[in-house]
Amino acid sequence: MPSDSLMVFAAMWGMAMLFSSVSHTPFLLGLKGVKHQILEIAIILNALYVMWKPSRLATLLSLAALLCIAYASRMPVSSNNQTIATYMNLAIVAVIGPQLLLRNDRKNSEALIYERLRFVAKSLLAIMYFFGIFHKINTDFLDPAVSCATALYVPLTREFGLDDSLVGRYLAIYSTFVIEAIAIACLYIRRLFWLGLLISLPFHYVIPISGYSYYMDFSSLVFALYMLSMPRQSALVLYADISQVARKVVQLRAGAATFALLVAALLIGTATVTWLSYSFVDRPFRILWHSAWLVAWAVLGGIAMIFILRAALASTANWQFARTEKRPWWLYLFPVVLFVSCWSPYVGLKTESSIAMFSNLHTEGGVTNHMMFGSPPYLFSYQAKVARIAETSNPKLLPQGNNGDFLTEHDLALRILGNPKDWFTYVIDGKVYSGVTAATYTGYRPNFIERKLLDFKPIDWTRPKPCTH
C-alpha cells in the first residue's frame with residue numbers, strides 16, 4: 001500500500017532533516033539569534049518525532065513547513081543540499097496540506113500523496129545528477145592535480161598508499177561521470193532501477209566518510225529521495241523488512257533497556273564531544289561535532305543502505321507497471337523551477353545553490369572553464385564585474401576565497417552597505433575607489449529580491465582552479 005511506502009519515506013526524511021539541522025551549529029548555539037535557535041530546536045524535535053511516528057502525515061507536514069520557514073528566514077542560502085530539500089519540502093506542504101484540510105478518504109488520499117511526491121522526488125534526483133555531470137564538464141575538474149574528484153579520492157585512499165596514483169585519480173574523475181549517468185538512466189528504466197541503487201548508494205554512503213566536508217546531510221537526503229522513487233513493489237518489500245526487524249526488537253525482553261542504553265550513549269557522546277572541544281582548543285567544536293555525527297551516519301546510513309538495496313534486489317521479478325493519475329500542472333513547477341535555476345552560473349546570476357558543488361566550475365568575470373562555452377552566455381551582468389578589496393578598516397569583512405580579496409560587485413555592495421561604520425578601498429575594472437563608506441558609496445545597490453535570491457561564491461583566480469566548494 002502507498003501508505004506503507006509513505007511511512008518508510010517519512011522516517012528517512014526525518015533522519016535526513018535531522019542530519020541537516022544538526023550541522024547548523026551557529027543556529028543551534030544561538031549565535032544567530034534566539035528566534036533562529038528556537039526554530040532549529042523545533043525542527044530537530046519534529047524530525048525525531050517523524051522518525052518515531054512516521055505514520056502521522058501531519059507531523060511530516062509540520063516538519064516540512066518549519067524547514068521552509070527556516071530556509072526563507074535565512075535566504076540567500078548557499079547550501080545545495082538545503083535548496084534541493086526545500087523544493088521537496090515545498091512539494092510536501094503543497095501535496096499533503098490540501099489533502100489533510102479536505103479530509104478526503106484516507107486510503108485514496110495517501111495513494112494520491114504518494115504518487116505525487118514520488119514524481120517530485122524522482123525529478124529532483126534526475127536534475128541533481130544531470131547538473132552533477134554538466135557542471136563538471138570543465139578543464140579543471142578533468143585535471144587530476146586539482147579536480148574535486150581527487151580531493152575526495154585522496155583521503156579515502158591515503159591509508160592504502162594509493163593517494164598519489166595517477167591512474168586512481170583519473171578513475172575517480174571519470175567514474176563520477178559514469179556513476180551519475182547510470183543513476184539518471186536507471187531512475188527511468190524500472191528494470192534497471194536496482195543497478196542505479198547498487199552503484200549510487202554505496203557512492204553516497206562513502207563520500208561522508210572521506211571527512212572532506214559535512215556530507216551526511218546531502219547523502220541522507222539522496223537516500224530519502226531514492227526511497228520515495230523506488231518502484232512500488234520494492235517500497236513494499238522495504239516496508240515489510242523494516243517492520244519485521246522493528247517487531248523483533250520490540251519483542252526482545254531487553255528492548256526497553258537497549259533503547260535506554262542507546263539514548264544514554266547519545267547523551268554521553270554529546271557530553272564527550274563538548275568536553276573535548278574545551279580540552280583541545282586546537283580542534284574546533286564544529287569538527288568534533290562533525291566527527292560525532294559521522295559515526296552516527298556510518299551506522300544509520302549503512303543500515304539504511306542495506307535495507308534499500310535488499311528491497312530493490314528482492315523485488316525485481318515482481319515489478320508491475322501501473323498507470324498513474326494525470327498530474328496537476330502545478331506539480332511540474334517544482335522540478336522545472338529547480339532546473340531553470342541551475343543554469344544561473346552561465347547566464348550571469350548566482351553561482352551558489354545551483355548544484356555546482358565540487359565541480360571546479362568558474363564563470364565570473366566573463367571567463368569560464370566549461371568546455372561547452374568559449375565565454376559565459378550572460379543574460380545578466382551580476383558576475384561581469386569583479387571587485388578586489390585592497391584595504392578595509394575591518395579585515396574580517398574580506399572575502400574568504402583562496403586569494404582572499406575578490407568578489408562580485410553584488411557582494412561588495414552588501415559588505416559596504418551592511419557595515420556603515422567601516423570604510424573600504426577597492427578596485428573594479430582597474431579603477432581604485434578609496435575610503436568608501438556606506439554613506440559615500442554610489443555604486444550598484446541590490447534591491448530586496450536580489451539580496452534574497454542571489455548568492456555568489458568568493459572568487460578564486462588561481463588557475464587551474466582548485467577545488468574550493
Side-chain angles (χ1 to χ4, degrees), residues 2 5-6 8-10 12-13 16-17 20 60-61 64 67-68 71 77 79-99 110-136 179-197 199-201 203-204 217-232 234-235 308 312 319 321-344 353-357:
S5 305
L6 271 178
V8 172
F9 164 71
M12 190 67 205
W13 192 249
M17 297 304 99
S20 178
L60 177 61
L61 174 64
L67 286 160
C68 289
Y71 188 91
V77 177
S79 168
N80 292 281
N81 163 72
Q82 292 180 55
T83 298
I84 297 171
T86 298
Y87 279 91
M88 193 66 220
N89 283 318
L90 287 170
I92 290 171
V93 172
V95 171
I96 295 180
Q99 295 300 316
E110 290 183 350
L112 187 73
I113 290 169
Y114 173 72
E115 291 299 335
R116 290 181 176 180
L117 291 182
R118 189 166 172 266
F119 164 75
V120 175
K122 184 183 289 189
S123 300
L124 296 183
L125 278 175
I127 293 169
M128 181 191 77
Y129 283 126
F130 172 79
F131 283 101
I133 294 172
F134 188 81
H135 290 322
K136 293 183 180 77
I179 289 171
E180 293 183 330
I182 291 175
I184 294 176
C186 292
L187 276 172
Y188 294 95
I189 304 175
R190 299 189 189 187
R191 294 294 182 188
L192 294 179
F193 191 88
W194 64 271
L195 178 61
L197 286 176
I199 293 174
S200 302
L201 292 192
F203 171 75
H204 287 292
D217 52 356
F218 179 69
S219 290
S220 56
L221 166 72
V222 173
F223 274 38
L225 294 178
Y226 262 119
M227 276 187 169
L228 193 54
S229 303
M230 295 174 76
R232 298 167 188 81
S234 297
I308 296 171
W319 284 353
F321 302 92
R323 300 182 67 178
T324 59
E325 56 117 18
K326 184 178 180 181
R327 302 183 187 100
W329 65 268
W330 53 264
L331 199 63
Y332 291 88
L333 290 177
F334 300 104
V336 167
V337 173
L338 177 62
F339 184 82
V340 171
S341 70
C342 288
W343 292 99
S344 295
S353 192
S354 54
I355 316 186
M357 63 283 195

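- Note that NZ of K326 is 13.0 Å distant from CG of L331, once rounded to the nearest 0.5 Å.
- Nearest heavy-atom pair, A16 versus S220, reported as atom, atom and distance to 0.1 Å: CA-OG, 3.3 Å.
- W13 places a side-chain heavy atom less than 4.5 Å from the side chain of M88.
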With ring pair (Phe, Tyr, Trp, His ring centres under 6.0 Å) as the criterion, how do Y332 and F119 come out once you've worked through the C-alpha distance, each side chain's angles and the decisive distance to 0.1 Å?
CA-CA 9 Å; Y332 291 88; F119 164 75; 5.0 Å; yes

Run the side chain to side chain donor-acceptor pair (under 3.5 Å) test on T83 and S353 for me, step by step, so that the C-alpha distance in whole Å, both residues' side-chain angles and the decisive distance to 0.1 Å come before the verdict.
CA-CA 7 Å; T83 298; S353 192; 2.4 Å; yes

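- Across L187 and A126, no two heavy atoms sit closer than the pair CD1-N, 3.7 Å.
- Using a 4.5 Å heavy-atom cutoff, the side chains of L225 and I84 are in contact.
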Scan the side chains in residues 334-343 for donor-acceptor partners under 3.5 Å anywhere in the protein, sequence neighbours excluded, and list what turns up.
| unit_1 | atom_1 | unit_2 | atom_2 | d |
| --- | --- | --- | --- | --- |
| S341 | OG | V337 | O | 3.4 |
| S341 | OG | L338 | O | 2.8 |

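- Closest heavy-atom contact between N89 and C68: CB-SG, 3.6 Å.
- In terms of modelled atom types and a separation under 3.5 Å, the side chain of D217 and the main chain of S20 share no donor-acceptor contact.
- A heavy-atom distance below 4.5 Å is not found between the side chains of V222 and S200.
- Residue A356 comes nearest to N80 through the heavy atom pair N-OD1, 3.9 Å, listed as atom of the first residue, atom of the second, then distance.
- Of the possible polar contacts, one joining the R118 side chain to the M230 backbone as a donor-acceptor pair under 3.5 Å is found.
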Checking Q99 against E110 for the side-chain contact (heavy atoms from CB on, under 4.5 Å) test, could you report, in this order, the C-alpha distance in whole Å, the side-chain angles of both residues, the deciding distance, and whether it holds?
CA-CA 8 Å; Q99 295 300 316; E110 290 183 350; over 6 Å; no

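- Proximity of the aromatic rings of Y226 and H204 is defined here by a centroid distance below 6.0 angstrom, and this criterion is not met.
- Between atom CZ of residue F9 and atom CE of residue M227 there is a gap of 10.0 Å, rounded to the nearest 0.5 Å.
- Taking 4.5 Å as the limit, some side-chain heavy atom of I133 sits within range of a side-chain heavy atom of I184.
- The pair E115-R327 does not count as a salt bridge, with every side-chain nitrogen at least 4.0 angstrom from each carboxylate oxygen.
- In this structure, the separation between OG1 on T86 and OH on Y71 is 5.0 Å, given to the nearest 0.5 Å.
- Between F130 and H135, the closest side-chain pair of non-hydrogen atoms is not below 4.5 Å.
- In this structure, L6 CG and L117 CG are separated by 6.5 Å, a value rounded to the nearest 0.5 Å.
- What you find for A183 and Y129 is that their closest heavy atoms are CB-CE1, 3.6 Å.
- For the atom pair CZ of F223 and CG of L197, the computed distance is 9.5 Å after rounding to the nearest 0.5 Å.
- Summarising the geometry, atom CG belonging to L60 is positioned 4.5 Å from atom CD1 belonging to I96; distances are rounded to the nearest 0.5 Å.
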